[in-house]
Amino acid sequence: RSKGDYAGAEPLFRRALATNEKALGPEHPSTATSLDYLAGLLASKGDYAGAEPLFRRALAIKEKALGPEHPSTATPLNNLALLLDMKGDYAAAEPLYRRALATLERALGVDHPDAVRLIQNLGLLLWAEGQHAEARDLLDRASRFEATNLSRWLMPFEEAEQRSLVSSLTSADVLMSFHLDQSNAERQAFWALLQRKGRLQEIRALQQRSARRQPELFDRWHLAQRALEACMGSDTTMSLLAGPAGKTRCGSGNSNVAERKRAASEARLALEAAVPRGERDLGVVEFEELLRSLRDGGWALIEIANYRVLRPKGPWRERWGENRFAAYILFPDGRVESKDLGEADRINRTVTTVRSLEADPNSNMVAVRRAAKELYDQTMGQLEGVLKDQSKLYVAADGDLGLIDFGSLIDRKGRWFVEDHLVVNLTSGRDLVRLKRADAERKGARGDYLVANPSFLFKDARALRNGATASA
């Protein structure tokens, strides 16, 4: 199914369903799970009429066997709501989303990944319905939950699993699409972008340092968090298209969940206490902390992000559109401005041309300037009206665009951009916060100090002193 081979997958899902019905009975929760998988497959290939009664039957089985408040009941609730959502029956889908969300939050907590997905699903439905104020608040809430818990979610996993999970977290793309469609979520979209860029690299570095320096504490936390995830994972994913989660339950009731939560929390706190503050994940970065770095010298931060356009209506696969670049600018006075820069493929082709010409010492200067002017028109040139007299710029761009020296572009007056601007490339605006925190940490730890009469060039300072005394 994950490969899109629906014809090959369907008979296997039907066989699994028949096996569970015969071995466990038509009312067993595992039969409901098989129904959910088969219904999800049918929905993925557009057979909504075939999927809906299967989702409804799965929901009825879960409610009867486990109770309406059990977290496993939230899965068929959400999947049925998502199906109705894709059909355009928003009035029927909305109460199911809200009920599934309330069930999950009571059972697993408001910061569980499945609850975050449900918040986002509900926000997208409200966007499609035209309820933009509540949609914006819900999408922002999902983004904040994601940013706050990202380190805890990712740390127990290996790199391949981390990258897979990060690719499934779409809050920044969703908020950017919402903002650029509605023009009323600019700060929220920029905030979500700021939490995403460079975050995986931070968490990977922390994970490697912790495993190397505190192996016992890291292993204790890793095992406790894995046990908790096994206890809290859903029987099926909260999306029709993502595939089964493959996690196991740890027992009935919430007491075992609470015990494992406590064990994981205690292990995490012990590990965090052993990690020097300057080496920890930056976590959530707020505008005010970033602005302190920009105000020192009157800088502006430009984040240029590659995002995938999302439209709130229609089948899920058809909602995702083309990749585009967008620029978000944070000025030292706290203003945020933004601009959609256009299709990513077009800009990336120009980036390739510029880099190829600049790397070749035999390139014709006319061709170099022409390509640099074209890239300027596609990027910084579109920001002229917003930047105005702002001449000191930190620029953090995604992908190969981040390898471009923006100072070497040619503006519309035929001048090198660096002639009128001071440009510093960053991986992310988070770099500024990291440097600021590290500087404060150094000053707080050491204070001012004086080094008198240092001998830097001699391995044996004592021999130097003795020699000086003898010659005197």
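For reference, positions follow the sequence shown, starting with 1.
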Can you confirm whether the side chains of Q120 and T170 place a donor and an acceptor under 3.5 Å from each other?
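Yes, because at least one side-chain N or O of Q120 sits under 3.5 Å from a partner of the opposite role on T170.
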[Y] and [X], any side-chain heavy atoms less than 4.5 Å apart:
X	Y	result
L387	I329	yes
R324	D340	yes
V351	I404	yes

I'd like to know whether CD of E322 has more than 12 heavy-atom contacts from other residues, nucleotides or ligands below 6.0 angstrom.
yes
Exceeds 12 heavy-atom contacts within 6.0 angstrom, atom NZ of K339
no
P332 and Q390 have their tightest heavy-atom pair at CD-OE1, 3.9 Å
Work out which heavy atom in L84 is nearest to a heavy atom in A93; give both atom names and the distance.
CB-CB, 3.9 Å
If you take the centroid of each ring, where Trp contributes its six-membered ring, are F406 and F417 closer together than 6.0 Å?
no
Can you confirm whether or not the ring centre of H179 sits under 6.0 Å from the ring centre of Y328?
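H179 vs Y328: aromatic centres under 6.0 Å.
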Passes ring pair (Phe, Tyr, Trp, His ring centres under 6.0 Å), F325 versus Y307? Steps please.
CA-CA 6 Å; F325 277 107; Y307 76 102; 8.9 Å; no
Candidate pair D140 and R136, rule salt bridge (charged side-chain N to carboxylate O under 4.0 Å, His left out), full reasoning:
CA-CA 6 Å; D140 182 51; R136 179 195 61 208; over 6 Å; no
Worked check of side chain to side chain donor-acceptor pair (under 3.5 Å) between W320 and D173
CA-CA 10 Å; W320 291 101; D173 296 83; over 6 Å; no
